[in-house]
Amino acid sequence: MNSRRLPSETRRIFPAAKAPSQQPSRILVVDVTSPSWANTCSVLSEALENVLCLACGLAGPCHVPLLSLYMVQPQQECLLPFTQVKENFARIQACLSELRSLPAEGCFPQGGNGVVQAVQDGLQQFKQYSRHTAAGGSTNSSVEIVILTSQPSREMVKQLEKKLQDIDLVSLRRIQVIEVLKRDFLEPEDVEQCVLAEEPSSDMAILGMDIEVQTVEDNVISLEMLFKTWLHDQGTEREQLHLLLPSGGFSHAAAPRNTLMCLKCDLQERLLDPALLSGPADGPGRAADPSSPGHVAAWPSTVLHKLRVLKALKSEGVCESVLYGLPFIIKPTSCWQLDWDELETNQHSFHALCHSLLKRKWMLLARREPQNTGPNWNVVVHPYYVIVPSDSATLLVKAVATRELLLPSAFPALLAEHPDRVQGPIESALNNLEVEVAYNPLHLKSNLYKYLKSSLYKPPHRQQPQPREHRPERHQPRQPQSRAKAAVAPLLMAPSPLQAFRPAAARRGSCEGSLLPKE
């Protein structure tokens, strides 16, 4: 999936969210006038259902608080008004079933302003919903719109620029125009695949926002990865991490030894925590404890973390058995509160750090600084982390064991030679294995989606038969039973196949660009 952003001359500023969740609401507009809608419908519905079952099943704050779905055929129709995603998976499934039941290609003429009308109606609906919920003390101040279409992105952007000039866009954070392409129509990877206007027009400056144009392949995995971006933290009100390095200059005497250089960064989850999905979706769940000494929360971004770099480590000198926990990605911050010069300087400094660490084949050992300095009698536990470079403009951070956590390990040395009667069968077994150049997680499925969908499914209430001793006598008239007193049929659930696991830490490579399975 390729993307290209059309920047505006003015920067959009949003107030800091007061609600526990800083995630924006989502409006998904699906253009069903595509000539290949039959295939797009099936892959789109499956991808959307997969991601939303994750959002419903994750313990803790909701990653997708509100969702609304429109279809355009060519007139717009709202299939799902703004709905809280959690606890409403059955309603979402009913909406997707309605989407799947739409006629195949060739039934709807292309063209018209249905997409623009859906955007306008969605913004008006969000404005009314926000006004209603604000009276109850709940605030959700921003919304993002995703438009899925097979029409040329250039024409779609022009229509949006023209029609949205007089619309109140205070709550609109971003518009994404996603052009869904068949594999046959995709150009080589080295060719620019996105369509955008030649220059940012004055209309775009009036909008005061970004319209992001992307192309995505017409398959489940590509669309699934597109929707999974909703699970990332979308808050840009403040940076999430300060990476503190010893201040340096062109000479060793340029700065005092105790001064620090601060790189302002954001944290991003690389994986979903399996422990947050291991229990029933409507149960309490086992959310991570922010007060835990070794915990670094990348979502939601309510705490500013500070990692102070203590020393450098040779990459080959770090044993992977002492690394633990889920990895997090460190990247330069995109906080809107910083001015452009500071953002640019911070980004260049971050890239220079990544380049130098790769060149030297170093890792960094860092200690997390305490959030608040309490009384002297309070004992502060200092967790430590290893920061690993990669060939992308990001760093990987993982917790590293300290003396208190380490258990004794006296393992025998590996024998230099083995009997042929043992070595032969082992070599033969290994020769029969298929060898992959690199591990691709998209090639493996654990049936997690099926499990979550079955556990989130809530069957309709059924009236249980009364026991014989409570049945009325034959000569007495039967009294109608109140539905409110009818017992709910028990939901038989199989034990969870999921187990919380901690995979062995592996050296991080640049696999984001080559994850799609080859056909």
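Both backbone and side-chain heavy atoms feed into the values below; hydrogens, waters and symmetry mates do not.
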Please examine the side chains of [Y] and [X], heavy atoms only from C-beta on, and report whether any two atoms are closer than 4.5 Å.
X      : Y      : result
Leu277 : Leu58  : yes
Leu54  : Leu452 : yes
Leu160 : Val177 : yes
Phe328 : Gln268 : no
Leu396 : Ser390 : no
Val64  : Arg26  : yes
Leu304 : Glu239 : yes
Val216 : Met225 : no

> Do any pairs count as a side-chain hydrogen bond (donor to acceptor under 3.5 Å, both in side chains) and have a residue in residues 116-125, sequence neighbours left out, and if so which ones?
Replying inline: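 Passing the test, one end in residues 116-125: Tyr70-Asp121, Tyr70-Gln125.
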
>> Donor-acceptor check, side chain of His348 to backbone of Asn346, threshold 3.5 angstrom: yes or no?
In response: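 The answer is no, because no donor-acceptor pair under 3.5 Å joins these two groups.
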
> Is there a donor-acceptor pair under 3.5 Å between the side chain of Ser68 and the backbone N or O of Ile27?
Replying inline: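 Side chain of Ser68 to backbone of Ile27: no pair is present.
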
> Residues in ring pair (Phe, Tyr, Trp, His ring centres under 6.0 Å) with Trp230, at least two apart?
Replying inline: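 If we apply the ring pair (Phe, Tyr, Trp, His ring centres under 6.0 Å) test to Trp230, skipping adjacent residues, the hits are Phe227.
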
Nearest 0.5 Å, what's the [atom1]-[atom2] distance between [X] and [Y]?
X      : Y      : atom1 : atom2 : value
Glu342 : Glu344 : CD    : CD    : 12.0 Å
Leu67  : Leu52  : CG    : CG    : 6.0 Å
Thr149 : Glu155 : OG1   : CD    : 11.0 Å
Asp218 : Leu181 : CG    : CG    : 8.5 Å
Cys262 : Arg308 : SG    : CZ    : 12.0 Å
Leu244 : Leu260 : CG    : CG    : 5.5 Å

Nearest atoms (heavy-atom pairs only) where [X] meets [Y]:
X      : Y      : result
His305 : Leu267 : CD2-CD1, 4.0 Å
Asn50  : Cys53  : O-SG, 2.9 Å
Cys354 : Pro389 : O-CB, 4.3 Å
Gln23  : Cys62  : CG-O, 4.1 Å
Pro81  : Thr83  : O-OG1, 2.7 Å
Val29  : Val115 : CG1-CG1, 4.4 Å

Knowing that exactly one of [options] qualifies, which makes a side-chain contact (heavy atoms from CB on, under 4.5 Å) with [X]?
X      : options                : result
Val318 : Leu365, Leu313, Val400 : Leu313
Leu226 : Leu44, Leu148, Val51   : Leu148
Leu395 : Leu357, Val388, Leu364 : Leu357

>> Does Leu66 form a side chain to side chain contact (heavy atoms under 4.5 Å, CB included) with Gln84? I'd like the steps, not just the answer.
In response: CA-CA 5 Å; Leu66 294 172; Gln84 293 185 359; 3.6 Å; yes

>> Set out, in order, the CA-CA distance, both residues' side-chain angles and the distance that settles side chain to side chain contact (heavy atoms under 4.5 Å, CB included) for Val143 and Leu123, then state yes or no.
In response: CA-CA 8 Å; Val143 63; Leu123 290 174; 4.1 Å; yes

> Applying salt bridge (Lys or Arg N to Asp or Glu O under 4.0 Å), which residue pairs with at least one partner in residues 47-63 are found, sequence neighbours left out?
Replying inline: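 Every pair satisfying salt bridge (Lys or Arg N to Asp or Glu O under 4.0 Å) with a residue in residues 47-63: Glu49-Arg100, Glu49-Lys453.
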
>> Checking His242 against Lys264 for the side chain to side chain contact (heavy atoms under 4.5 Å, CB included) test, could you report, in this order, the C-alpha distance in whole Å, the side-chain angles of both residues, the deciding distance, and whether it holds?
In response: CA-CA 5 Å; His242 284 178; Lys264 298 179 178 180; 3.8 Å; yes

>> Assess the residue pair Asp266 and Ser334 against the criterion (side chain to side chain contact (heavy atoms under 4.5 Å, CB included)); give the C-alpha distance rounded to whole Å, side-chain angles, the decisive distance to 0.1 Å, and a yes or no.
In response: CA-CA 8 Å; Asp266 291 333; Ser334 56; 3.6 Å; yes

> With a cut-off of 6.0 Å (strictly less than), are more than 12 heavy atoms of other residues, nucleotides or ligands near NE2 of His351?
Replying inline: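 For His351, atom NE2 is crowded (more than 12 foreign heavy atoms under 6.0 Å).
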
